[in-house]
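For ligands, and for the atoms within them, numbers begin at 1 and follow the listed sequence.
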Amino acid sequence: MGISRRDFLKISGGAAALGSISVDAAPTEASVSDLRIKDAKVTTTICPYCSVGCSILVYAKDGKVIQTEGDPESPINEGTLCPKGASIWQMANNPTRLLKPLYRAPGANGWKEVEWDWALDQIAHKVKDTREKTFRTATKTMVKEVKTTDPNWDKSGLYPEVETTAEREFAVNRTDGIAHIGSAALDNEECYLLQKLLRSWGLVWIEHQARI
Ligand code: SF4
């Protein structure tokens, strides 16, 4: 059945009139909301998706996340979340979520689940081996130098200058064999500690998706 423009205006007018009848839905909404999060443990977390760093309230019951919402106390998002952050509970409640590291051995055509301890040991060994193989205490590079010629050439003190290029050695104490990329899920203190650790290894290739 087609709807004429007149019919449409009548229906819209009726809906508007209904909408103007004073019905307070707040108590109903509040009781539904209460039921959902009643007795749930609430903790705060930071959205791991992007560098805005919105704060999220996480409601959990029996060890399971049952509700997430923007934290109204946060000066960053003031209770709001973008669609990505609003769907964050799916990250916890997801049958495809990885709970253990996956490892693909050299030459293998598939991944296998491994224990965290084994994976962390592997990473530590590889970092140590790579650092030992690639660490350099000094490096040579070509630099431009400006020299004055014989000062006795001009008694006025205006000595002619010549620009030369020479190879020089500089202390660097670094490794170019390892790079690191940080995550938006890291907070200031974690980033600080990470910088200390990475610089102590001699890393210079350090990138980060910074938080505001
Ligand atoms: S909720 Fe959206 S805007 Fe906020 S940190 Fe997460 S992804 Fe970024």
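- Of all atoms in ligand 1, listed by their number and element, those nearer than 4.0 Å to a heavy atom of Gly85 are 1 (S).
- Here the OG1-CD1 distance, from Thr44 to Ile56, works out to 10.0 Å after rounding to the nearest 0.5 Å.
- Taken from NE2 in His125 to CD in Gln122, the straight-line distance is 7.0 Å, to the nearest 0.5 Å.
- Within the listing of ligand 1, atoms 7 (S) sit less than 4.0 angstrom from a heavy atom of Tyr49.
- From Thr139, atom OG1 reaches atom CG of Asn173 across 11.5 Å, with rounding to the nearest 0.5 Å.
- Other residues, nucleotides and ligands contribute only 12 or fewer heavy atoms inside 6.0 Å of the CD atom of Glu207.
- Between Leu81 and ligand 1 there is a heavy-atom distance shorter than 4.0 Å.
- Under 2.8 Å from atom 4 (Fe) of ligand 1 lies an N/O/S atom of Cys54, whether from backbone or side chain.
- Because the distance cut-off is set at 2.8 Å, Cys47 fails to qualify as a neighbour of atom 8 (Fe) of ligand 1, as none of its N, O or S atoms comes that close.
- Counting atoms of ligand 1 from 1 in the listed order, those under 4.0 Å from a heavy atom of Gly53 are 5 (S).
- For the atom pair Leu203 CG and Gln195 CD, the distance stands at 9.5 Å (nearest 0.5 Å).
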